[in-house]
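Down below is the structure, laid out as structure tokens.
Nothing here was measured: the structure is a model prediction, and the numbers come from that model.
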Amino acid sequence: MKKYSINKNNTGQWKKDVQKSVIFYNEWFLNFAPSTYVNARQDAINKVENAFQKTECFNKLTIDILRTAPETITILRMATTPPLARDRLMGLADVPRAFVKGMEEGKLPQRMPADILEDNLNRIIAVISKLFDIDIMPWLTTGAFPHEMDRLLATHVIGDRVCGSLADPIIRNEQERRQLGSISQFLKERGYNFVESKYINDFREMEPGTFTYHLNVSAKMGRRQNVNMPIDVVIMRKTAATGELPLLVECKSAGDFTNTNKRRKEEATKIEQLKNTYGKDVEFVLFLCGYFDSGYLGYEAAEGIDWVWEHRIEDLEKAGI
């Protein structure tokens, strides 16, 4: 099997690529963030308004409401002072973390006995009610219906809090969508065909000239234990011979240098597990955008990991694509 070299050995280009990648990321962020945050903020405000309507502006918060609309918990957490993180609410109400997380996803546990379910919901209501932010919802002290301006102010403040709590996931999801879209366009322009991962039982059996997203690849974690390792993009080259492994691509986008260096060992662990499972010929490359400095690159290169920059996606051709 032919060995490919992309960027890990081109150390003289690293500094320039880091600079170009940071500029690429920042330009994307400045263009993307305003419109996305405006849309996310309006969506959050609409959800707050919906919660107000169901609860008479939180004057009537009952377990029946949380039963029919458990996702309201996200709004309620942001309506307290201080706004409650999920784990903080879990601790104060003494309810399981999975219970609160499930509510935020709009679900209640189906097998939980009715009395325990009711008790958990009552515990949550008791904590939330005690911590409601009276400064922005003064009507709660009297049980009256708020004036329109008070209601509008509270809706926007709580909506902003909800949007802020979702900011990082919004950015991460959009980064992934952008990176997968860039790779997909690059591959399709070169005659590759996309196959949904649910139709792939074993990545080694993919047809030449095909690719997929979010495929779980079985890898050895220890002598007896296997884990499903999610791979962002799997590409079987057009030129692949029988038995040849596809190219495995991990998409990474970062808005600062600190987190990338903190998490750089993750990729080294992945490649080690993959090689222990499929042999030294397995190919695992990174698709990078943003803040990845020479320290990060040097660490990955030392582990035998190569990479392609999003600002120069044509380097995928150096990987035989």
Side-chain angles (χ1 to χ4, degrees), residues 40-41 43-137 140 154-155 157-173 176 198 214 216 218-219 221-222 224-230 259 262-263 265-266 269-270 273:
R41 182 175 183 270
D43 182 59
I45 289 172
N46 291 341
K47 289 179 178 177
V48 176
E49 181 60 37
N50 186 46
F52 272 4
Q53 291 177 4
K54 291 178 179 177
T55 63
E56 295 186 18
C57 295
F58 297 156
N59 278 315
K60 292 187 178 179
L61 181 58
T62 66
I63 60 174
D64 287 337
I65 289 171
L66 293 185
R67 278 199 185 103
T68 57
E71 66 279 2
T72 307
I73 191 66
T74 302
I75 307 299
L76 294 172
R77 288 198 298 107
M78 294 298 108
T80 63
T81 180
L84 288 173
R86 180 191 300 155
D87 287 351
R88 186 62 178 147
L89 174 59
M90 171 200 73
L92 291 172
D94 192 22
V95 297
R97 187 176 191 276
F99 186 83
V100 178
K101 187 175 185 296
M103 290 183 68
E104 292 186 336
E105 296 170 355
K107 300 178 292 186
L108 290 173
Q110 298 297 311
R111 298 182 180 180
M112 181 175 287
D115 59 333
I116 296 178
L117 175 64
E118 183 172 327
D119 183 55
N120 283 336
L121 292 176
N122 276 324
R123 287 172 182 269
I124 288 173
I125 290 174
V127 170
I128 295 291
S129 298
K130 187 174 182 179
L131 296 176
F132 269 139
D133 192 340
I134 302 302
D135 286 340
I136 63 170
M137 296 180 291
L140 292 179
T155 302
V157 170
I158 298 170
D160 283 342
R161 291 176 181 176
V162 172
C163 185
S165 71
L166 299 176
D168 285 345
I170 291 170
I171 295 295
R172 286 197 299 270
N173 290 340
E176 180 184 60
K198 64 182 180 181
H214 301 144
N216 283 328
S218 179
M221 191 173 181
R224 299 180 179 179
Q225 185 178 4
N226 277 25
V227 295
N228 279 328
M229 182 182 296
N259 284 332
K262 282 182 179 179
R263 303 181 66 179
K265 292 183 180 180
E266 294 177 0
T269 300
K270 282 191 174 184
Q273 291 173 345

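To the nearest 0.5 Å, atom CE of residue Met78 and atom SG of residue Cys163 are 12.0 Å apart. Once rounded to the nearest 0.5 Å, the distance linking CD of Glu104 with CD1 of Ile75 reads 10.0 Å. One finds the CE atom of Met90 at 12.0 Å from the CG atom of Leu84 (value rounded to the nearest 0.5 Å). Here OG1 of Thr155 is found 10.0 Å from CE of Met137. Values are rounded to the nearest 0.5 Å. To the nearest 0.5 Å, atom CZ of residue Arg67 and atom CG of residue Leu117 are 6.0 Å apart. Glu56 CD to Thr62 OG1: the interatomic distance, rounded to the nearest 0.5 Å, is 10.0 Å.
Lys101 pairs by the side chain to side chain contact (heavy atoms under 4.5 Å, CB included) definition with Arg86, Arg97, Glu105, not counting sequence neighbours. Checked against salt bridge (Lys or Arg N to Asp or Glu O under 4.0 Å), Lys198 has the following partners two or more places apart in sequence or in another chain: Glu196. With sequence neighbours excluded, no residue forms a salt bridge (Lys or Arg N to Asp or Glu O under 4.0 Å) with Lys54. Annotation: ring-ring contact (aromatic ring centres under 6.0 Å, His included) contacts of Phe99 (sequence neighbours excluded): none. Annotation: side chain to side chain contact (heavy atoms under 4.5 Å, CB included) contacts of Thr269 (sequence neighbours excluded): Gln273.
Nearest heavy atoms, Ile73 versus Val100: CG2-O, 4.4 Å. For the pair Lys270 and Pro230, the tightest heavy-atom approach, listed with the atom from each and the gap, is NZ-O, 3.8 Å. When all heavy atoms are compared, the tightest approach of Ala79 to Ile158 is CB-CD1, 3.8 Å. Closest approach of Ala51 to Thr55, counting heavy atoms only: O-OG1, 2.8 Å. Nearest heavy atoms, Asn120 versus Pro96: ND2-CD, 4.2 Å.
The number of heavy-atom neighbours closer than 6.0 Å to CD of Gln53, taken from other residues, nucleotides and ligands shown, is above 12.
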List the atom pairs, with distances to 0.1 Å, where a side-chain N or O of residues 123-136 and a protein N or O form a donor-acceptor pair under 3.5 Å, not counting sequence neighbours.
from, atom 1, to, atom 2, distance (Å)
Arg123, NE, Asp119, OD2, 2.9
Ser129, OG, Ile125, O, 2.8
Asp133, OD1, Asp135, N, 3.1
Asp133, OD2, Arg161, NH2, 2.8

*Can you list the steps and then say if Leu89 with Thr80 is a side-chain contact (heavy atoms from CB on, under 4.5 Å)?*
CA-CA 11 Å; Leu89 174 59; Thr80 63; over 6 Å; no
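Taking the side chain as every heavy atom from C-beta outward, Met103 and Leu108 approach each other to under 4.5 Å.
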